[in-house]
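A short worksheet on the structure shown next.
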There are 2 protein chains.
Amino acid sequence: MTRRSDRHQHLTLRDVSEASGVSEMTVSRVLRNRGDVSDATRAKVIAAAKRLGYVPNKIAGALASNRVNLVAVIVPSLSNLVFPEMLAGVEEGLEGTGLQPVVGTTGYDPEKEERVLFEMLSWRPSGVVIAGLEHSEASRAMLGNCGVPVVEVMDVDGEPIDAAVGISHWRAGYQVGAEIAARGYRRVGILGTRAHGDHRARKRIEGLERALSEAGIGVADQMAYEGMSGFAKGREMTADMLARTPDIDFLFYTNDLTGAGGLLYALEKGLDVGGALGLAGFNAFTLLDGLPRKLATVDSRRREAGRIAAEIVCGRRVLEGEDRRLELVPTLLPGDTMRAVSTA
Amino acid sequence: MTRRSDRHQHLTLRDVSEASGVSEMTVSRVLRNRGDVSDATRAKVIAAAKRLGYVPNKIAGALASNRVNLVAVIVPSLSNLVFPEMLAGVEEGLEGTGLQPVVGTTGYDPEKEERVLFEMLSWRPSGVVIAGLEHSEASRAMLGNCGVPVVEVMDVDGEPIDAAVGISHWRAGYQVGAEIAARGYRRVGILGTRAHGDHRARKRIEGLERALSEAGIGVADQMAYEGMSGFAKGREMTADMLARTPDIDFLFYTNDLTGAGGLLYALEKGLDVGGALGLAGFNAFTLLDGLPRKLATVDSRRREAGRIAAEIVCGRRVLEGEDRRLELVPTLLPGDTMRAVSTA
DNA sequence: ATGAAAGCGCTAACAC
DNA sequence: GTGTTAGCGCTTTCAT
């Protein structure tokens, strides 16, 4: 019999048991509010635990009970505000359940996603909320076999593993495209990423292109960027695009932040924003309310997606039917950077 | 003898052991890259694990080994960009160590902080990174007794429990105040929270007030706000303050976002921004690069604080001396919303 | 290089 | 209402 502990000693149930003169089992019951315990015993135990500063060991508890109050939440990044906002929704949806979100980030990299997922699943969470529907085969296999609810959020364009909640970015893009056409714009430029891991931005662009092409309009120019989005990127790209394709009459940014940069630039240059030149961003970031003009944008309803995903994970909400997708409808907010619908 | 498992069955080492004809112990060694295992055995084990889709149970592993590769990171919120940025620094500092950050949010509420901390410590993380130096007595006790490195970040104005890394917000505020005075402004308004849990904002204001008072200047007006900061809040407060205290000549915002709103408002009203009216924000958010004017601000070096905290937690960096505080020096970026230093 | 035995700290199940 | 027993799935230790 080897006791292998010369490292830092944590208090155990046994310590509380000895200090209070109550069996370990009863101490355990008190600390978890389980079963019937007399008020006297309960008081003794609580006093002892508090006095000693006992912090239970959830590792042992989880192993013994096969229950873990953790929900894995996996997102590409926390630097893009949409993900913290979705996460806020998850916290909201988990409130009062005793479940706790644990966040992992993938950096838009499928292989890192795989590693993070493996790591998180090895803690046996009670559920998984993961951004997007595009995952490596290995990731899909892990998610399919993990035995707990899995909700893919912020996108419904694709086949969910288990359940999916969010807007259709393709249709959101389509809606913007249709609106652009309806308002009589004909030379549309697209500014944003279509490359690497941002499938939602890609789908928005594809939907937009489709709507334009159905209206007989092509994409006049397109420009991608790398790195963090911000006003400076938007300014820069806008300047470049207007220089190389001067007859552009509408600029669609895949992100409000670059859109705001473009808006500021266009206003400074004295361009007829909202008239001859239309602008639109995407996501409807509240923090941007208060720009000189209200940028046209689309509310991607990420917070709601997070909340509903959490509700599904904890069984508060059940998705019925064979198609386990819950499509949220994005709201197009025309702001004042698009001209009125043409009656031509 | 009761087997208590009719729920979802996870694979265990035993399954891999049986499938590969190798003892559990050796399987364990292979999967952890520990000890000497022949190449043949290793290959067999890896093949079997992969084929079965085995995901190890870290709960059991952690219990047996008394080792957990988790670092608790506790922040007030993820909606304020400074915290995700700090977190990015933590991830950077943990890279290659096998340690993983686990995030908890407190909503600026000391009691929730206590609960989150208790919850996280009960998973026996290998270290704790926590924002701020102000905690409830119970929280301080838990942190002091948890037996792992604890680093308080983003502030050094106070007594750390174990170690602290960040800027002094008081001194940063003082620096801004000194600069305001040096540039000849005399009627300073403060826009931002000094209330509830945001101690850093409070300290900035206190430092600012001190510098002003040393220069013989009082605070001409002050206004606090609730809820999320954004451009709209900045505009609104600015309008209100200029209306009620028209002779204000400098506006200090505790946050760049409200500052940016104020800047946009002031420019629209045709005010002499950077001349008769000075403006400054705080934090130096990169995403705002590209405003019509470069808002004066202070880089709070939160990413670096996160990185260094992580390095301390994992033992890559050691803080020497009796004062276990590492003070980062904030950079004042005057931008173009303050007039030149007066030579009066 | 591989295996056997013991036990990490807790809780489910069952006795009293 | 409270106590006893037997593990949870893994790793440490020690034997071979």
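Chain A is the first sequence line, chain B the second, and so forth, proteins listed ahead of strands; every chain is numbered from 1. Only heavy atoms go into these numbers, but all of them, side chains included; no hydrogens, no water, no symmetry mates.
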Answer yes or no: does a side-chain N or O of [X] lie under 4.0 Å from OP1 or OP2 of [N]?
{"X": "B:S28", "N": "D:dT11", "value": "yes"}
{"X": "B:T26", "N": "C:dG3", "value": "yes"}
{"X": "A:S38", "N": "D:dT2", "value": "yes"}
{"X": "A:T41", "N": "D:dG1", "value": "no"}
{"X": "B:R32", "N": "D:dT12", "value": "yes"}
{"X": "B:S23", "N": "C:dG3", "value": "yes"}
{"X": "B:Y54", "N": "D:dC10", "value": "yes"}

How many Å lie between [atom1] on [X] and [atom2] on [N], as a whole number?
{"X": "A:L13", "N": "C:dC8", "atom1": "CG", "atom2": "C1'", "answer": "13 Å"}
{"X": "A:R14", "N": "C:dC8", "atom1": "CZ", "atom2": "C1'", "answer": "13 Å"}
{"X": "B:R124", "N": "C:dC10", "atom1": "CZ", "atom2": "C1'", "answer": "11 Å"}
{"X": "B:L11", "N": "D:dC8", "atom1": "CG", "atom2": "C1'", "answer": "16 Å"}
{"X": "A:E24", "N": "D:dG1", "atom1": "CD", "atom2": "P", "answer": "21 Å"}
{"X": "A:I59", "N": "C:dG9", "atom1": "CD1", "atom2": "P", "answer": "10 Å"}
{"X": "B:L31", "N": "C:dT2", "atom1": "CG", "atom2": "P", "answer": "14 Å"}
{"X": "A:N66", "N": "D:dC10", "atom1": "CG", "atom2": "P", "answer": "12 Å"}

Evaluate the side-chain proximity of [Y] to [X]: yes if any heavy-atom separation is below 4.5 Å, no if none is.
{"X": "A:N69", "Y": "A:K58", "value": "yes"}
{"X": "B:P125", "Y": "B:V71", "value": "no"}
{"X": "A:R303", "Y": "A:E92", "value": "yes"}
{"X": "A:L328", "Y": "A:V165", "value": "yes"}
{"X": "B:W123", "Y": "A:L70", "value": "yes"}

Would you classify A:N57 as touching base, sugar-phosphate or nothing, given that sugar-phosphate means primed atoms plus P, OP1 and OP2, and contacts are heavy atoms under 4.0 Å? sugar-phosphate
Kindly point out which of [options] is positioned nearest to the side chain of [X]?
{"X": "A:A64", "options": "C:dC10, D:dT11, D:dT2", "value": "C:dC10"}
{"X": "B:T12", "options": "C:dA1, D:dG9, C:dC10", "value": "D:dG9"}
{"X": "A:L63", "options": "C:dG9, D:dT11, D:dG3", "value": "C:dG9"}

May I ask you to verify whether the side chain of A:R29 and the base of D:dG3 hold a donor-acceptor pair under 3.5 Å?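 Pair found.
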For the CD atom of A:E311 and the CG atom of A:L94, what is their distance to the nearest 0.5 Å? 9.5 Å
Most 5' of B:A60 and B:R42 on DNA chain C, judged by nearest nucleotide: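 Checking each residue's closest nucleotide, the 5'-ward one belongs to B:R42.
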Can you work out whether B:G61 or A:M25 has the more 5'-proximal nearest nucleotide on DNA chain D? A:M25
